[in-house]
**Student:** 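Here's a structure for you.
Note that this is a predicted model, so its numbers are computed, not measured. Quick note: numbers below take in every heavy atom, side chains included, and nothing from hydrogens, waters or symmetry partners. Letters go in sequence order (proteins before strands), and every chain restarts at 1.
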Amino acid sequence: MQLLSLLADRFEEALRGWVEHPEEHARRVAVARDPRHGDYQANIAMPLAKPLGQPPRQIAEQIVQRLQVDDICMPPEIAGPGFINLKVRDAFLAESIQRMAQDDRLLVGNQTPRRYVIDYSAPNVAKPMHVGHIRSTVIGDSLCRVLRFLGHEVVSDNHLGDWGTQFGMIIYGYKHFVDPAAFEQNPVAELSRIYRMVQSIIAFQSAQKKLPAAERRLERAARAAQEAETAAQDDPQVRKASKQAAKELRAAREEVQALQDKVQAVLSDPELARLAEAHPDLEKRVQLETVKLHQGDEENLGLWRQFMPISIREIESVYRRLGVHFDHTLGESFYHPMLPQIVQKLVDSGIAVESDGAICVFLEGFDAPMIIRKRDGAFLYATTDLATVEYRMQHFHPDAILYVVDHRQSEHFQKLFAAVRKMGYADVELQHVAFGTVLGPDGRPFKTRSGSVVGLEYLLDEAVERAYQVVCDAERLERAGLELSESQRREIAEVVGIGAIKYADLSHNRTSDYEFNIDQMVQLEGNTSTYIQYMYARTCSILRKSGETIDADWIAQTTVVLPTEVERTMALQLLQLEDALLQTAQDYMPSVLASYLYALAKQYAVFFDQCPVLTAEDAELRASRLLLCHVVGRVLRQGLDLLGINVVERM
RNA sequence: GUCUCCGUAGCUCAACUGGAUAGAGCGUCGGCCUCCGGAGCCGAAGGUUGUGGGUUCGAAUCCCGCCGGGGAUACCA
């Protein structure tokens with residue numbers, strides 16, 4: 001039920017024929033922030049004061065006179081400078097809850113269907129998945145679920161990084177460093193070992209090369225900082241320069257430190273050091289292997305075909321555990337054959353031109369062009385992305401394409417979208433659904449290439465293990481009177497642990513940076529999925545104990561009554577499910593849904609505390625409250641499912 | 001240098017896109033278990049929304065300056 005737009009429509013009718021653009025003004029109706037102001041408030045009168053040349057309160061009075069909401073609301077009240085406060089009628093709430101209980105879709109209507117392509121997750125094959133992959137995967141999956149539930153058609157596509165230099169690395173590594181017995185026994189682990197090895201040697205060699213210059217920079221920065229220190233500090237310009245110098249010094253120090261770490265990492269391992277010496281310029285050698293692969297070299301292509309399924313199996317096991325599914329997995333390699341054509345097409349149509357040996361698309365408002373073919377003839381990810389758009393447009397005919405990708409790539413997407421428009425795709429909605437950077441526990445961006453990356457699988461295990469400790473604590477189970485077998489406990493821990501990680505991510509505003517703190521995210525109290533899952537289990541528990549079978553007949557025979565403020569508030573919240581989902585979909589913000597569910601779960605806890613259900617004073621009230629429990633349970637389960645989070649009936 | 005995002009309670013984050021007295025959780029302090037499952041409930045303390053101006057009926061939100069911090073920036077993805 002869309003209460004918000006239902007009310008907005010009534011305001012629009014009231015304004016029609018009186019003010020210009022009634023639909024825009026009618027939009028300014030919102031959920032009241034303070035319950036003392038009622039359930040909803042219309043902030044419509046104030047902005048109309050100027051155009052209508054009347055005091056806002058007077059306008060509010062006229063709006064109220066013209067407004068027809070008797071069937072939904074109590075008589076509207078005017079407050080403050082001209083707020084119109086609305087309180088929904090209890091009878092309307094009760095009757096709607098009754099209908100909600102009878103409705104498979106919980107009164108969530110089907111939207112006019114649109115077709116979405118959602119591009120998310122996109123890990124690099126052959127590199128182990130790490131914490132940085134969580135956001136895209138979890139947010140993308142949730143958006144798929146929400147949009148589908150709202151009646152849209154969604155094509156989910158995992159744009160794997162399966163064609164890049166990381167394959168050059170493992171191909172080279174396999175040719176020179178492989179331990180055949182280890183590969184035979186555990187190919188995934190051996191490939192991962194090889195990959196890390198090649199990567200650290202490359203880092204070592206490049207660090208060695210860069211170190212002298214970095215040290216000189218550090219010296220210069222130190223001198224500059226010292227000079228700035230002694231300069232006259234009362235001049236603001238000087239002070240600013242001094243700050244800048246200090247900052248540069250800090251950066252230079254960190255850079256030198258990072259380079260030294262990389263050098264040390266190899267030097268401290270004699271075997272690695274030997275290999276590093278035996279394979280000078282490893283980066284170039286790797287690049288050559290990559291080029292050979294791209295050019296169709298039989299041996300490298302053969303290795304690629306051998307490695308791909310191994311890596312993909314690994315990735316899929318993570319997806320299975322996360323409950324994430326893709327309709328398509330069309331990686332970069334899939335588009336490789338199309339790249340020459342797309343460049344040619346862009347050149348032929350005059351969109352792309354040669355510059356400095358490279359083929360570029362120059363775009364208004366950007367200093368740097370989008371390069372689609374390098375001077376050496378190689379293609380770039382921009383090229384692949386353009387080919388991908390073209391493929392999607394031709395095969396899926398989407399109304400919208402969403403890219404759930406790190407916000408650091410926003411400029412890339414702006415350019416991509418601008419180029420796509422130039423290619424003539426005018427109607428498709430193109431959205432970079434950006435999310436904040438995953439920060440480490442130190443509050444700094446999580447670096448993929450930094451030495452110790454927390455593997456995703458390890459992380460999931462860790463969360464599940466902690467969930468087990470907390471949820472299946474013997475004393476707690478005893479107190480709750482829960483007798484669970486070991487396999488039941490394991491299942492609960494899995495559901496709770498995985499849910500905790502997902503929820504920690506989804507409940508944060510998508511656009512903010514997200515501090516990855518394992519200790520905090522597996523905390524099983526407060527605003528967590530565990531709390532919501534727990535409240536769901538409580539609804540199950542009470543329904544079980546009631547002995548009633550809550551089926552269509554039972555619901556039809558039950559009359560909803562809302563004698564207390566707690567119940568009334570909860571009923572209103574239940575009816576706001578569709579509004580929450582619509583806003584989630586409109587802003588591509590799963591955090592909106594997460595907040596909604598948490599607020600509902602909290603309200604249920606209050607209800608549970610203050611309103612006896614099984615021991616209610618009469619049969620009518622008991623039935624009404626049971627029905628509320630039933631609907632709350634369904635909404636929590638459905639809502640969590642749309643976040644990709646499971647529930648259990650006992651925990 | 002240019003572009004861009006951000007700065008809210010001790011900490012982690014909200015604030016329905018310009019609305020009324022800026023809200024949650026954690027942490028702290030104080031209440032509530034012969035009571036449908038206490039992972040709970042109730043209450044308290046905690047804020048000049050980085051800062052100074054401006055715009056208007058009204059600003060955490062929009063504009064300008066400053067301070068502080070990320071990120072991006074022609075041949076990596």
**Student:** Mind checking whether A:Tyr403 and A:Phe413 have parallel, tilted or perpendicular rings, split at 30° and 60°?
**Tutor:**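 Rings of A:Tyr403 and A:Phe413: tilted, as their planes differ by 30° to 60°.
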
**Student:** Which part of the nucleic acid does A:Met651 contact within heavy-atom distance under 4.0 Å: base, sugar-phosphate only, or nothing?
**Tutor:**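 Here A:Met651 touches the bases of the nucleic acid.
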
**Student:** Regarding A:Arg479, tell me which of base, sugar-phosphate or nothing describes its non-hydrogen contacts under 4.0 Å with the strands shown.
**Tutor:**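 Since only primed, P, OP1 and OP2 atoms lie under 4.0 Å of A:Arg479, the category is sugar-phosphate.
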
**Student:** What interatomic distance, in whole Å, is found between P of B:G70 and the corresponding atom of B:C57?
**Tutor:**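 Roughly 40 Å separates the two P atoms.
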
**Student:** Rounded to whole angstrom, note down the P distance from B:G10 over to B:G47.
**Tutor:**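 Straight-line distance between the two P atoms is 6 Å.
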
**Student:** Evaluate whether the aromatic ring of A:His37 and the six-membered ring of the B:A20 base sit under 5.5 Å apart, centre to centre, with an inclination under 30°.
**Tutor:**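 By the stated criterion, A:His37 and B:A20 stack.
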
**Student:** With rounding to whole Å, what would you report as the distance between B:A14 and B:U61 at their C1' atoms?
**Tutor:**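 Each nucleotide's C1' atom is 13 Å from the other's.
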
**Student:** By nearest atom, which of the nucleotides B:A20, B:A74, B:C41 is closest to the A:Ile371 side chain?
**Tutor:**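 Ranking B:A20, B:A74, B:C41 by closest atom to the A:Ile371 side chain puts B:A74 first.
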
**Student:** What residue among A:Tyr381, A:Phe417, A:Phe366 forms ring-ring contact (aromatic ring centres under 6.0 Å, His included) with A:His412?
**Tutor:**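 It is A:Tyr381; the other options fail the test.
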
**Student:** Using the P atom as the reference point in each nucleotide, state the distance between B:G54 and B:G58 in Å, no decimals.
**Tutor:**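 These two P atoms come out 12 Å apart once rounded.
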
**Student:** Quick one: label A:Val606 by what it contacts on the DNA or RNA (base, sugar-phosphate, nothing), any heavy atom closer than 4.0 Å.
**Tutor:**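 Sugar-phosphate, backbone atoms only, no base.
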
**Student:** Do A:Val353 and A:Ile359 have side chains that approach each other closer than 4.5 Å (heavy atoms only, starting at C-beta)?
**Tutor:**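 In short, these two side chains do not touch, never coming nearer than 4.5 Å.
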
**Student:** When you measure from the side chain of A:Lys602, which nucleotide among B:G38, B:G27, B:G25 comes out closest?
**Tutor:**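 Taking heavy atoms from C-beta onward, the closest nucleotide is B:G25.
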
**Student:** Is A:Ala434 touching bases, backbone alone, or none of the nucleic acid, heavy atoms closer than 4.0 Å?
**Tutor:**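 Touches nothing.
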
**Student:** Would you state whether a donor and an acceptor, one from the side chain of A:Asp406 and one from the base of B:A72, lie under 3.5 Å apart?
**Tutor:**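 No, no donor-acceptor pair under 3.5 Å.
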
**Student:** Quick test of your reading of the model: are A:Glu289 and A:Lys284 salt-bridged, counting only N-O distances below 4.0 Å?
**Tutor:**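 A salt bridge is absent here (no side-chain N lies under 4.0 Å from a carboxylate O).
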
**Student:** I want to check something: taking the side chain as every heavy atom from C-beta on, are A:Met370 and A:Phe362 in contact at a cut-off of under 4.5 Å?
**Tutor:**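 A side-chain contact is absent here, since even the closest heavy-atom pair is not under 4.5 Å.
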
**Student:** Between the base of B:U73 and the side chain of A:Arg408, is there a donor-acceptor distance below 3.5 Å?
**Tutor:**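 Looking at the base of B:U73, it does not pair with any donor or acceptor on the side chain of A:Arg408 (distance under 3.5 Å).
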
**Student:** Base, sugar-phosphate or nothing for A:Pro56? Non-hydrogen atoms, less than 4.0 Å.
**Tutor:**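 If one applies the 4.0 Å heavy-atom cut-off, A:Pro56 turns out to touch nothing in the nucleic acid.
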
**Student:** Tell me which of A:Val471 and A:Lys50 sits closer to the 5' end of RNA chain B, going by the nucleotide each one is nearest to.
**Tutor:**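 Here A:Val471 is the residue nearer the 5' end.
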
**Student:** Need one value for A:Phe83: base, sugar-phosphate or nothing, where a base atom within 4.0 Å counts as base even if backbone is also close, heavy atoms only.
**Tutor:**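 Counting heavy atoms under 4.0 Å across all strands, the contact made by A:Phe83 includes a base.
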
**Student:** Going by 5.5 Å between centroids and 30° between planes, is there a stack of A:Tyr598 over B:A24?
**Tutor:**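 So A:Tyr598 does not count as stacking on the base.
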
**Student:** If B:U73 has a Watson-Crick or G-U wobble mate with both distances under 3.5 Å, name it; if not, just say none.
**Tutor:**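 Checking every strand shown, B:U73 finds its partner in B:G1, with both distances under 3.5 Å.
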
**Student:** Which sits closer to the 5' end of RNA chain B, A:Ser595 or A:Ala537, going by the nucleotide each is nearest to?
**Tutor:**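 This one resolves to A:Ser595.
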
**Student:** How would you label the contact of A:Asp473 with the nucleic acid (heavy atoms, under 4.0 Å): base, sugar-phosphate, or nothing?
**Tutor:**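 The residue A:Asp473 makes no contact with any strand.
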
**Student:** For A:Leu4, answer base if it contacts any base atom (sugar-phosphate contacts may also be present), sugar-phosphate if it contacts only those atoms, and nothing otherwise; contact means non-hydrogen atoms under 4.0 Å.
**Tutor:**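 Counting heavy atoms under 4.0 Å across all strands, no contact is made by A:Leu4.
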
**Student:** Between B:G52 and B:A15, how far apart are the two P atoms, rounded to whole Å?
**Tutor:**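 Result for the P pair: 25 Å, nearest Å.
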
